[in-house]
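Note sheet for the following structure.
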2 protein chains.
Amino acid sequence: MSSIQDVAALAKVSTATASRALSRPEMVADGTRKRVMKAAQQLGYQPNVLARSLRQRETRTIGLIVADILNPFHALLAKGVQDTAEEQGYVTFLFNSDEQPEKEARAIDTLRGHLPQGLIVVPTSGTREHLKTLPNLPVVELDRVSGNPQASTVTVDNVGGARAATDHLIGLGHRRIGLIVGQQDISTAVERQAGYHDALKAAGLSPCPELMRSGQHREDDGSRAATELLSMPAGQRPTALFVGNNEMTVGAVLAARELGLRIPEDLSIVGFDDSRWAQTMLPPLTVIAQPAYELGVHACEQLFGLLRGAGRPAHLQLSTELIIRHSTGPPHRS
Amino acid sequence: MSSIQDVAALAKVSTATASRALSRPEMVADGTRKRVMKAAQQLGYQPNVLARSLRQRETRTIGLIVADILNPFHALLAKGVQDTAEEQGYVTFLFNSDEQPEKEARAIDTLRGHLPQGLIVVPTSGTREHLKTLPNLPVVELDRVSGNPQASTVTVDNVGGARAATDHLIGLGHRRIGLIVGQQDISTAVERQAGYHDALKAAGLSPCPELMRSGQHREDDGSRAATELLSMPAGQRPTALFVGNNEMTVGAVLAARELGLRIPEDLSIVGFDDSRWAQTMLPPLTVIAQPAYELGVHACEQLFGLLRGAGRPAHLQLSTELIIRHSTGPPHRS
DNA sequence: GTGAAAGCGCTAACAC
DNA sequence: GTGTTAGCGCTTTCAC
């Protein structure tokens with residue numbers, strides 16, 4: 001790798017001039033600029049980002065921690081962030097917490113040494129604590145919130161989405177509607193549960209604890225919860241399920257099939273988050289769709305706002321959309 | 001951020017000693033080590049990786065370029081690489097080429113400035129050319145090969161996998177078997193086509209160009225190709241399809257549904273690469289499964305081998321597995 | 001076992 | 001407009 005010294009030597013100028021010619025062309029005479037450019041070209045010169053960052057105390061780098069890159073929703077978030085960062089000339093360090101606070105803590109530590117100028121994180125339950133090691137770093141929380149008052153947030157209207165899902169089921173005539181959501185220390189789970197409650201109450205139905213389960217966001221958890229709910233005696237088992245997470249929805253659908261329940265004749269299901277899987281399974285799934293890629297884009301834009309010194313943390317909420325497909329219908333007989 | 005100077009000052013030693021105490025504890029007296037450790041702890045000291053890398057001319061960083069992070073296969077590759085790199089204390093820079101040689105070129109340029117110690121890449125058609133700008137960097141090509149003689153490769157047995165898929169269909173009694181694969185400048189597409197050929201020839205069937213289509217790896221391409229093939233008159237249209245890529249398989253299945261063809265009664269389908277979607281769709285898909293995560297792990301291990309100076313490039317090939325589910329059956333009537 | 005000093009590659013004052 | 005110089009934070013000779 002040739003350095004700026006080599007370029008300067010070849011162009012017969014000082015390193016300072018070479019540096020200027022390359023990063024601030026207007027500060028240099030035309031002829032010089034051309035000579036330097038040519039020399040750089042010839043040597044295949046690429047500035048050493050480490051040295052530059054060290055000197056400028058600016059890495060043009062951001063950190064991104066998602067909870068599960070194998071989950072298509074998170075992959076889309078990541079792509080939205082990364083595409084947007086790249087447009088602005090920033091490089092993204094992507095880490096995976098795998099929903100584990102300890103892995104998140106390690107990612108944050110690693111990140112810290114690389115001096116990112118900002119951080120976007122899909123929080124776990126430990127985030128608020130872990131972020132204390134980075135007191136002055138601009139942070140945007142994505143999809144979920146940790147309660148950290150310093151951070152900006154970009155989320156969807158989980159309460160509204162859950163309400164829409166539940167209303168849809170109620171409107172079809174369902175009265176015993178089961179709920180499966182994520183861990184209670186994750187904001188999205190809490191909010192979706194709240195929306196479900198709201199809708200039931202508004203319809204004069206009383207939320208019933210036996211019909212509610214919470215799991216850890218994985219397919220297994222969804223399938224276990226659904227199996228429990230659907231194994232209740234005929235008059236008591238729910239005729240419909242609202243599942244507050246894409247992975248758990250897969251589990252719930254498989255559990256229903258396992259039990260020989262037909263969808264939607266014997267059981268209606270609404271999932272949260274759309275995906276290709278939801279569209280192509282049989283029957284295609286009724287879902288609350290979220291603008292995943294846009295969430296990522298907005299998070300990145302929020303972060304750049306903070307970097308430019310746009311003052312206090314902001315809270316952006318995008319809306320969701322109920323997409324009615326064929327996994328929901330009126331209850332067969334009650 | 002406190003620097004090693006602060007730590008040294010607090011521990012009342014020189015920066016040299018502080019540095020040694022932290023990175024080479026055995027070179028320092030016990031008492032000193034403890035004082036330094038304590039000071040570091042107290043200040044929440046985290047070494048500045050940039051400065052260290054600059055000095056040591058070693059970034060403990062690798063680059064990874066995948067073709068499409070939204071494709072679960074590539075997400076798994078990425079996770080395999082990243083998990084393995086992390087175990088070894090290396091950080092991974094992840095980029096996406098989106099199957100576009102120009103985006104790949106940009107990723108490589110960006111990467112170059114960050115001085116990764118090695119690169120793992122799922123090549124596009126431009127890779128071989130682009131890598132010339134990094135003549136001395138250890139490179140592992142993952143899943144596909146660009147023909148670059150310098151690079152190690154980690155791939156699967158595409159010929160064998162395709163042959164197994166085709167043999168399976170032939171064994172069921174199919175005679176008109178359609179093929180849909182990726183671009184002809186991508187090695188996996190070429191090899192899968194070769195395996196398909198082999199199998200047909202071995203069975204005394206002659207490969208027939210009208211039954212073969214190639215696309216750009218996307219769902220759309222699969223659906224377009226399948227629509228063409230399946231719209232042929234009844235006696236000519238294929239009774240089975242081998243689709244050489246997961247995304248295009250989705251497209252093919254949807255196209256078949258669109259045309260009112262039942263799977264497997266009217267049409268058998270074998271896909272390449274397993275996925276959750278393949279398992280949960282109705283009917284569950286017969287596929288050639290690839291060890292995606294392991295591919296990533298092995299690629300990373302190969303790279304570390306090269307970093308340790310393990311000499312010449314190696315070529316590792318993992319095997320695939322035919323998983324028979326319910327999307328294949330005997331032809332209904334011929 | 002410890003400290004002084006040099007230098008990785010770059011940019012930003014500061015002179016001229 | 002251009003060159004000289006200092007220094008970002010770290011590790012590593014080289015003395016002692």
Side-chain angles (χ1 to χ4, degrees), chain A residues 1-40 43-61 89 91 109-117 136, chain B residues 1-37 39-40 43-61 89 91 110-117 136:
Chain A
M1 277 287 294
S2 47
S3 76
I4 201 164
Q5 309 234 29
D6 306 327
V7 176
L10 185 56
K12 300 204 196 305
V13 294
S14 70
T15 58
T17 303
S19 171
R20 283 188 285 249
L22 294 167
S23 1
R24 293 177 146 80
E26 74 283 2
M27 288 184 65
V28 124
D30 249 39
T32 328
R33 186 170 50 67
K34 281 187 188 141
R35 270 199 343 273
V36 173
M37 294 296 208
K38 191 170 155 212
L43 296 169
Y45 170 73
Q46 185 84 5
N48 180 326
V49 178
L50 277 59
R52 173 184 287 172
S53 300
L54 185 60
R55 176 64 232 241
Q56 300 194 135
R57 339 189 84 231
E58 212 189 80
T59 55
R60 295 187 76 76
T61 274
V91 168
D109 264 4
T110 305
L111 223 33
R112 218 152 65 97
H114 286 266
L115 306 180
Q117 295 185 240
N136 298 313
Chain B
M1 278 286 293
S2 49
S3 75
I4 200 164
Q5 309 234 29
D6 306 327
V7 176
L10 185 57
K12 299 207 198 303
V13 294
S14 70
T15 58
T17 304
S19 171
R20 282 188 283 250
L22 294 166
S23 0
R24 295 181 146 92
E26 74 284 2
M27 288 184 65
V28 126
D30 249 40
T32 327
R33 188 172 48 68
K34 281 189 188 138
R35 277 208 328 282
V36 173
M37 294 296 207
L43 296 169
Y45 170 73
Q46 184 84 4
N48 180 325
V49 178
L50 277 60
R52 172 185 287 172
S53 300
L54 186 61
R55 173 66 230 237
Q56 302 193 133
R57 340 191 81 230
E58 212 189 77
T59 55
R60 296 187 75 76
T61 274
V91 168
T110 305
L111 223 33
R112 217 151 66 97
H114 287 267
L115 306 180
Q117 295 184 240
N136 298 311

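Note on naming: letters A, B, ... go to the chains in the order of the sequence lines (proteins, then strands), and numbering restarts at 1 for each one. Note that these values count all heavy atoms, side chains included, but never hydrogens, waters or copies made by symmetry.
Between the CD atom of A/Gln5 and the P atom of D/dT4 there is a distance of 12 Å, rounded to whole Å. The CG-C1' distance, from A/Leu22 to C/dG9, rounds to 13 Å in whole Å. Atom NE2 of B/His114 and atom C1' of C/dC10 are 14 Å apart (whole Å).
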Can you name the atoms? Protein N/O to nucleotides 14-16 of chain C N/O, anything below 3.5 Å, with the distance.
none

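Around CD of A/Gln56, the count of heavy atoms belonging to other residues, nucleotides or ligands within 6.0 Å exceeds 12.
For the atom pair B/Leu43 CG and B/Met1 CE, the distance stands at 11.0 Å (nearest 0.5 Å). Note that CZ of B/Arg20 is 9.0 Å distant from OG1 of B/Thr15, once rounded to the nearest 0.5 Å. Expressed to the nearest 0.5 Å, how far OH of B/Tyr45 lies from CD of B/Gln5 amounts to 10.0 Å. Here the CZ-CG distance, from A/Arg55 to A/Asn48, works out to 14.5 Å after rounding to the nearest 0.5 Å. Atom CG of B/Leu111 and atom CD of A/Gln46 lie 10.0 Å apart (nearest 0.5 Å). With rounding to the nearest 0.5 angstrom, the OG1 atom of A/Thr59 is 11.0 Å from the CG atom of A/Leu54.
A/Leu22 places a side-chain heavy atom less than 4.5 Å from the side chain of A/Met37. Annotation: side chain of B/Thr61 is not in contact with side chain of B/Leu115 (no heavy-atom distance under 4.5 Å).
Between B/Thr15 and A/Tyr45, the residue anchored nearer the 5' end of DNA chain C, judged by the nucleotide with its closest heavy atom, is B/Thr15.
A sub-4.0 Å separation between OP1 or OP2 of C/dT2 and a side-chain N or O of B/Thr17 is absent. Close to D/dG9, at under 4.0 Å from its OP1 or OP2, lies no side-chain N or O of B/Ser3.
For the pair B/Gln117 (side chain) and B/Glu58 (backbone), a donor-acceptor distance under 3.5 Å is absent.
Between B/Val7 and B/Ala40, the shortest heavy-atom contact is CG1-N, 3.9 Å.
Of all the residues in residues 23-36 of chain B, B/Ser23, B/Arg24 reach under 4.0 Å from DNA chain D with at least one non-hydrogen atom. For the contact set between residues 50-61 of chain A and DNA chain C, defined by any heavy atom under 4.0 Å, the members are A/Ala51, A/Arg52, A/Arg55, A/Gln56.
Closest approach to the B/Val13 side chain among D/dT11, C/dT11, C/dG3 is made by C/dG3 (side chain taken as heavy atoms from C-beta onward). In this structure, of C/dT11, C/dG9, D/dC10, it is C/dG9 that holds the atom nearest to the side chain of A/Asn48.
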